[in-house]
S.K.: 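This is the structure I have questions about; it appears just below.
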Amino acid sequence: MDELGKTEAALIAARRENLAALRSRGRDPFAQRRCDVDATAQELLERYAFLEPGQDAAAEAWSLAGRVLSKRTMGKTVFADLADRTGRIQVYVRRQDVGDDAFADWHDLDRGDFIAVRGYMFRSKVGELTLHVTAFSPIAKALRPLPDKWHGLQDIEKRYRQRYVDFVVNPDAREALMLRSRLIAEMRRFIDARGFYEAETPTLLHVAGGAAARPFVTHCNALDRQLQLRIATELNLKRLIVAGMERVYEIGRIFRNEGIDTTHNPEFTMLELYAAYWDVSDMLEFNEALVAHLVDFVTAGATDLRHGDTTISFARPFARIEYFDALARFSGGKYTRARLLDARQAAEVLGELGLPASPTHGHALDKIFERIAEPHLVAPTFVTGYPAVISPLAKRRSKDGEVVDRYELFCANMEISNAFTELNDPDDQRARFEAQVADRIAGDEEIPEPDWDFVRALEYGMPPTAGIGIGVDRLMMLLTDQRSVRDVLLFPMQRQHG
RNA sequence: GCGCCUUUAGCUCAGUCGGUAGAGCAGCGGCCUUUUAAGCCGUUGGUCCCGGGUUCGAGUCCCGGAGGGCGCACCA
């Protein structure tokens, strides 16, 4: 239990007195087990929208339950706002309707308490649809006071640390996360409808591979071995392609031991999806259809999405541009493919841009692209044809071995997805892992140890396959118009107090 | 990791030049049968983030620390 200030202690004591008063009259809120609910706030507001001020629908009684968000007592009547998962509805209680004893119970109800009510709908003189209460019972007590009813909870730190309070008083915050839930369900429906199997692969691994990132490390007592938390689901999902599942995906939690900021949380959600017999072009079509569908879903049929104070169009087709064309265009022709594909010249370019030296050629290319091209990629844009040196798991183009069949989708200056035709030649894969070992030794700590068993799996034969990874949290930021990844996460990572 | 900003009542915020810590809401008491951000009257409530220092005197100035926000760096 935390230490309480005197003011807060007094507020809690007052609520405990109210609890005791209710109990003394046989109205113990915590003795309640369940209650019948046959309507939600939203349903009633929609159903009775036709009522005129002063008019009622006394013939139809409804039961609902929720939390008291405010209480306005006026002598022998009380107005209160009741909130459930769908929204807020006003309720009205008269002493002459519920009787003296029950009316007295309202005195002991505090803002934040849960109640079950029964009554009928009417529209008040000032025009608000209201439930006229004929019976009610307290069903849970809030012992701690809720924040200011008008300003809500503004303290950003407290909002993330105490989401249970934030969501009660800041409905917008709760709704963004509830929308996220609906969007992920919709995403699953879209994928499932195309014949994919959802897989749940391990998060604890001996070697976390499939991406370039520092892993979290933990220890398994039973095995007395160090384990790592996964940084991608890629290698296991491709094992399932080898195994013959043909269409698999996972919407899973990924852990990367890296910085925390407005677009990075140490644990985040990634959709990875693999389809045998597709190539990167098939995947691009799928990707575009999926994103367009989700935009359609949130906007109820529109193609434009509000993003901060601008609008982004997701009308198909999205823009497409080749990786090296983008770099050339956004650098005014200065940074050509020939120059960037040469490791020494790429290092010089880093210097020209005032960026720190990179440990590897691939790292340098990433930094250059980030600086030169990303700031221009606001509208959804597929950047296609990535250099092989930064794509260790992708298949080379048949007519151009320095480039792989890969694209990334950018939007609002963020990378949203990454897809490629998967490398299925075990000998090529082994060679690329060996090259990565060299990069790792050269000082690129994000390069994982090679997963040699994955090469062994490929030796059993993997059909031609396309794969994609989508950063679900960033996609949710776009779809729910949030500036910070924390606002699309229920419980974002926070440093511990003390 | 570096820089800037920030932390005052349960909540939202003031606090001047260094001179006894304020308001609104919430709470408590009273009046009120269609109110609505907050009705009216009265009233309780403080580890000024923590620890040092300067000073007759620190919420205020200085140093150190903690949490948070933003930017940079890092990070697909």
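Computation of the quantities below employed the complete heavy-atom set of this structure, encompassing side-chain atoms and omitting hydrogens, waters and symmetry-equivalent molecules. Residue numbers begin at 1 in each chain, while the letters A, B, ... track the order of the sequences.
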S.K.: Find the distance A:Lys76:NZ to B:C31:C1' and express it as a whole number of Å.
M.R.: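 One finds 10 Å between C1' of B:C31 and NZ of A:Lys76, rounded.
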
S.K.: Side chain of A:Asn418 only, please: which of B:U36, B:C28, B:A76 is the nearest?
M.R.: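 Among B:U36, B:C28, B:A76, the one nearest the side chain of A:Asn418 is B:A76.
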
S.K.: Hey, which sits more toward the 5' end of RNA chain B by its nearest nucleotide, A:Gln96 or A:Lys158?
M.R.: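 This one resolves to A:Lys158.
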
S.K.: Give A:Leu153 one of three labels, base, sugar-phosphate or nothing, depending on what nucleic acid heavy atoms sit under 4.0 Å from its own.
M.R.: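 It contacts sugar-phosphate atoms only.
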
S.K.: Quick one: which of B:G46, B:C32, B:G29 gets closest to the side chain of A:His107?
M.R.: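 Shortest atom-to-atom distance from the side chain points to B:G29.
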
S.K.: For A:Pro356, report the nucleic acid contact type (base, sugar-phosphate, nothing); a contact means any heavy atom under 4.0 Å.
M.R.: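 Result for A:Pro356 = sugar-phosphate.
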
S.K.: Closer to the 5' end of RNA chain B via nearest nucleotide, is it A:Arg123 or A:His264?
M.R.: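 Whichever sits nearer the 5' end wins; that is A:Arg123.
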
S.K.: Can you tell me which nucleotide in B:U35, B:G10, B:G69 comes closest to the side chain of A:Ser124?
M.R.: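 Output: B:U35.
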
S.K.: Out of B:U33, B:U35, B:G71, which has the shortest distance to the side chain of A:Val126?
M.R.: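 So the nucleotide nearest the side chain must be B:U35.
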
S.K.: Give the rounded distance in Å between these two atoms: CH2 of A:Trp150 and P of B:C25.
M.R.: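 Value for this atom pair: 14 Å.
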
S.K.: So which heavy atom on A:Arg256 is nearest to which on A:Ala213, and how close?
M.R.: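 Smallest heavy-atom distance, with atoms named: CD-CB, 3.5 Å.
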
S.K.: Look at the side chain of A:Thr77 against the base of B:U34 and say whether a donor-acceptor pair falls under 3.5 Å; ignore hydrogens and angles.
M.R.: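 Result: no qualifying N/O pair found.
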
S.K.: Ignoring backbone atoms, test whether A:Lys367 places a side-chain nitrogen or oxygen under 4.0 Å from the OP1 or OP2 oxygen of B:C75.
M.R.: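 Result: yes.
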
S.K.: Taking any heavy-atom pair under 4.0 Å as a contact, classify A:His363: base, sugar-phosphate, or nothing.
M.R.: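 Sugar-phosphate contact only.
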
S.K.: Return the value, rounded to whole Å, for the distance between atom CG of A:Leu11 and atom C1' of B:U44.
M.R.: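 Taking CG of A:Leu11 and C1' of B:U44, I get 10 Å after rounding.
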
S.K.: For A:Lys149 and B:G39, what is the distance between atoms NZ and C1' respectively, to the nearest whole Å?
M.R.: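 Those two atoms, NZ and C1', are 11 Å apart.
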
S.K.: According to the Watson-Crick and G-U wobble definitions, with both distances under 3.5 Å, which nucleotide is paired to B:C48?
M.R.: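 Because no pair has both required distances under 3.5 Å, B:C48 counts as unpaired.
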
S.K.: Identify which one of A:Leu271, A:Leu273, A:Asn236, A:Leu237 satisfies the side chain to side chain contact (heavy atoms under 4.5 Å, CB included) criterion when paired with A:Glu250.
M.R.: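 Output: one option passes, namely A:Leu237.
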
S.K.: For B:U43, give its Watson-Crick or G-U wobble partner with both distances under 3.5 Å, or none.
M.R.: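 Check on B:U43: paired to B:G27, both distances under 3.5 Å.
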
S.K.: Verify the contact: side-chain N or O of A:Asn265 to OP1 or OP2 of B:C75, cut-off strictly under 4.0 Å; return yes or no.
M.R.: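 A:Asn265 to B:C75 OP1/OP2: no side-chain N or O under 4.0 Å.
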
S.K.: Could you check how far CZ of A:Arg474 sits from P of B:A76, rounded to whole Å?
M.R.: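 Computing the A:Arg474:CZ to B:A76:P distance gives 10 Å.
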
S.K.: Are the side chains of A:Ile470 and A:Leu290 in contact, using a 4.5 Å heavy-atom criterion?
M.R.: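 SC-SC contact between A:Leu290 and A:Ile470 confirmed.
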
S.K.: If we call it a pair only when both distances are under 3.5 Å in a Watson-Crick or G-U wobble match, what pairs with B:G71?
M.R.: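 Base-paired to B:C2.
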
S.K.: Choosing from B:G10, B:C11, B:A38, which nucleotide comes nearest the side chain of A:Asp148?
M.R.: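 The listed nucleotide nearest to A:Asp148's side chain is B:C11.
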
S.K.: Counting only pairs under 3.5 Å, give me each side-chain donor-acceptor contact of residues 130-142 of chain A, with atom names and distances, residues two or more places apart or in other chains.
M.R.:
from, atom 1, to, atom 2, distance (Å)
A:Thr130, OG1, A:Gln90, NE2, 2.9
A:Thr130, OG1, A:Glu128, O, 2.8
A:His132, ND1, A:Tyr120, OH, 3.3
A:His132, NE2, A:Asp97, OD2, 2.6
A:Thr134, OG1, A:Arg118, O, 3.2
A:Lys141, NZ, A:Asp108, O, 3.0
A:Lys141, NZ, A:Asp110, OD2, 2.9
A:Lys141, NZ, A:Asp113, OD1, 3.3
A:Lys141, NZ, A:Asp113, OD2, 2.3

S.K.: Quick one: which of A:Phe369, A:Phe382, A:Tyr335 gives a ring pair (Phe, Tyr, Trp, His ring centres under 6.0 Å) with A:Tyr323?
M.R.: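 Looking at A:Phe369, A:Phe382, A:Tyr335, the match for A:Tyr323 under the ring pair (Phe, Tyr, Trp, His ring centres under 6.0 Å) is A:Phe369.
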
S.K.: Let's test your reading of the model: under 3.5 Å, does the base of B:U36 pair with the side chain of A:Glu128 as donor and acceptor?
M.R.: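 Pair found.
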
S.K.: Check the phosphate of B:G69 against A:Arg486, side-chain N and O only, distance under 4.0 Å to OP1 or OP2. Yes or no?
M.R.: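 True: A:Arg486 side-chain N/O within range (under 4.0 Å) of B:G69 OP1/OP2.
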
S.K.: Rounded to whole angstroms, how far apart are CD on A:Gln162 and P on B:G10?
M.R.: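 The answer, rounded to whole Å, is 13 Å.
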
S.K.: Could you point out which residue of A:Arg397, A:Arg396, A:Lys395 forms a salt bridge (charged side-chain N to carboxylate O under 4.0 Å, His left out) with A:Asp405?
M.R.: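 It is A:Arg397; the other options fail the test.
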
S.K.: Identify which nucleotide among B:U34, B:C28, B:G69 has an atom closest to any side-chain atom of A:Gln494, counting heavy atoms from C-beta outward.
M.R.: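 Nearest nucleotide to the side chain: B:G69.
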
S.K.: Between B:G68, B:C74, B:G46, which nucleotide has the shortest distance from any of its atoms to the side chain of A:Arg161?
M.R.: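 Looking only at side-chain atoms, A:Arg161 lies closest to B:G68.
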
S.K.: Strictly by Watson-Crick or wobble contacts shorter than 3.5 Å, is anything paired with B:G59, and which nucleotide is it?
M.R.: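 Pairing partner, where one exists within any strand: none, as none qualifies.
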
